Structures are given as C-alpha cells and as structure tokens.
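Have a look at the structure below, then the notes.
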Amino acid sequence: MNAFWWSLVAAGIWGVVPLIEKLGLAGTVAPTTGVLARSLGVMIGMTVWCVAGSTWKTLGTISLRSFALLALGGFLASVVAQMAFYRALKTGHISYVTPIAGAYPLVAALLGWLVLQEPLSAARLCGIVLIVLGVWCLGR
C-alpha cells in the first residue's frame, strides 16, 4: 500500500476512535482518568507489538535527537492534546468537537510549508482554505 491508502486506513481508525472514547468518558469518568486509561492501552499494545516483532532491539539504533523528538511528539499528542480533546469531548458533541480538533492537518501543512520548505501547491492551498472554512462554519 502507498501513503494514500495508509492515510485512509489511519483516517478510518481515527474516525471510529472518538466514538469509542466519547462512550468511555460517559458518566463520572474524568478526562485525566480517560487519558490514563488510553495511555495504558497504548503501553500494553506497544509492549505486545514489540515483543512479538522484536522491535525492542531497534530502539537502540536511533539517535538521541530522534528519540527526544519522537518522545516529545508522543508527550504532546498523547498527553497534552489528548487531555484537551477529552475535555472538549466530555462536554461537547462529537460531531462538533472532532472536526475542529481534527483540523490539525492545517497546522501541519502550514508548518511543513514554513519550516520544512515543502511546496504549497494549488491543491494543498485549496485544502487549507476548505479546512479553515469548515472550522469557521462549526465555530459560528
């Protein structure tokens, strides 16, 4: 599979997960407790995955810089942003919260263009404009 199809698989999974998480946050479950439970799921899943695939051995092959950047990304996405998302999901409608939180490709596209000097084609610019319009419509 190429990047397009892998991206669709990820989008499909990420599209189902907020529903599961919204149901999991029902009742008196605090967002902090929800992030902890989610993180334990990640830890268990990665432990099984790595033991089954012997991935542990490859961890020592990456540079300290790469490890630090990946660990920082994990902390920001899986703790800080997840906490903000759960707080929004706990009190808001999934059909409102998820598209707005899911507008992160806008930030990534702009940073890719500004920081990584990636080309900004007409198609990408059109996508960015549509994301902005979508978030604006939901925020009204």
Side-chain angles (χ1 to χ4, degrees):
M1 280 198 309
N2 63 23
F4 176 79
W5 292 105
W6 281 117
S7 298
L8 283 180
V9 168
I13 294 168
W14 283 334
V16 170
V17 168
L19 174 64
I20 295 168
E21 293 172 330
K22 176 77 172 174
L23 295 171
L25 288 168
T28 61
V29 178
T32 306
T33 306
V35 172
L36 177 60
R38 182 184 202 273
S39 298
L40 289 172
V42 170
M43 199 166 63
I44 292 166
M46 284 308 301
T47 300
V48 170
W49 187 288
C50 290
V51 168
S54 299
T55 308
W56 293 112
K57 299 172 188 171
T58 62
L59 192 57
T61 65
I62 65 174
S63 70
L64 181 59
R65 179 182 185 275
S66 289
F67 180 84
L69 288 170
L70 292 168
L72 177 61
F75 172 73
L76 290 174
S78 297
V79 177
V80 179
Q82 198 67 40
M83 190 71 69
F85 179 67
Y86 276 10
R87 289 186 185 280
L89 196 59
K90 178 84 175 167
T91 58
H93 295 286
I94 192 172
S95 59
Y96 174 79
V97 170
T98 304
I100 294 172
Y104 67 89
L106 168 66
V107 177
L110 291 174
L111 289 174
W113 176 60
L114 292 170
V115 177
L116 301 177
Q117 308 293 296
E118 292 180 350
L120 188 60
S121 66
R124 289 181 189 163
L125 186 59
C126 181
I128 288 170
V129 169
L130 290 173
I131 292 170
V132 170
L133 286 172
V135 170
W136 178 77
C137 285
L138 285 169
R140 294 192 62 197

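Please read these numbers as outputs of a predicted model, since none were measured by experiment.
- Listed by chain and number, the residues in a side-chain hydrogen bond (donor to acceptor under 3.5 Å, both in side chains) with Thr28 amount to none (sequence neighbours excluded).
- In plain terms, the two heavy atoms of Ser39 and Ser78 that are nearest each other are OG-O, 4.2 Å.
- Distance check, rounded to the nearest 0.5 Å: CG of Leu69 to CG of Leu64 gives 9.5 Å.
- Of all non-hydrogen atoms in Pro105 and Gly102, the two that sit nearest each other are CD-O, 2.9 Å.
- No side-chain N or O of Thr61 forms a donor-acceptor pair with one of Thr58 less than 3.5 Å apart.
- Grouping the Ile, Leu, Val, Met, Phe, Trp and Tyr side chains by contacts below 4.5 angstrom, directly or via other members, places Trp49 apart from Leu40.
- Of the inter-residue distances, the one linking Leu8 atom CG with Asn2 atom CG reads 9.0 Å to the nearest 0.5 angstrom.
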Fill in: Trace of the side chain to side chain contact (heavy atoms under 4.5 Å, CB included) decision for Arg124 with Trp113
CA-CA 10 Å; Arg124 289 181 189 163; Trp113 176 60; over 6 Å; no

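- Connection of Ile100 to Met83 is established within a shared hydrophobic cluster, with ILVMFWY side chains joined at heavy-atom distances below 4.5 Å, either directly or through further cluster members.
- For the pair Lys90 and Lys22, the tightest heavy-atom approach, listed with the atom from each and the gap, is O-NZ, 3.8 Å.
- The minimum heavy-atom distance linking Phe85 with Ala101 is given by the pair CD1-CB, 3.7 Å.
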Fill in: Residues Arg87, Leu25; criterion side chain to side chain contact (heavy atoms under 4.5 Å, CB included); working and verdict
CA-CA 10 Å; Arg87 289 186 185 280; Leu25 288 168; over 6 Å; no

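- Annotation: Leu72, atom CG; neighbour count of heavy atoms from other residues, nucleotides and ligands within 6.0 Å is above 12.
- Under the 4.5 Å side-chain heavy-atom criterion for grouping Ile, Leu, Val, Met, Phe, Trp and Tyr, Phe75 is not connected to Val35 through any hydrophobic cluster.
- Screening Ile94, Leu138, Val135, Ile131 against Pro99 for a side chain to side chain contact (heavy atoms under 4.5 Å, CB included) leaves a single residue, Leu138.
- One finds the OG1 atom of Thr32 at 11.5 Å from the OH atom of Tyr86 (value rounded to the nearest 0.5 Å).
- By the rule that hydrophobic residues join a cluster once side-chain heavy atoms approach within less than 4.5 Å of another member, Tyr104 and Leu76 end up as members of separate clusters.
- In the hydrophobic clustering of this structure, Val107 groups with Leu116; members are Ile, Leu, Val, Met, Phe, Trp, Tyr whose side-chain heavy atoms approach within less than 4.5 Å, directly or through other members.
- Of all the heavy atoms in Thr47 and Met43, the pair that sits closest is OG1-O, 2.7 Å.
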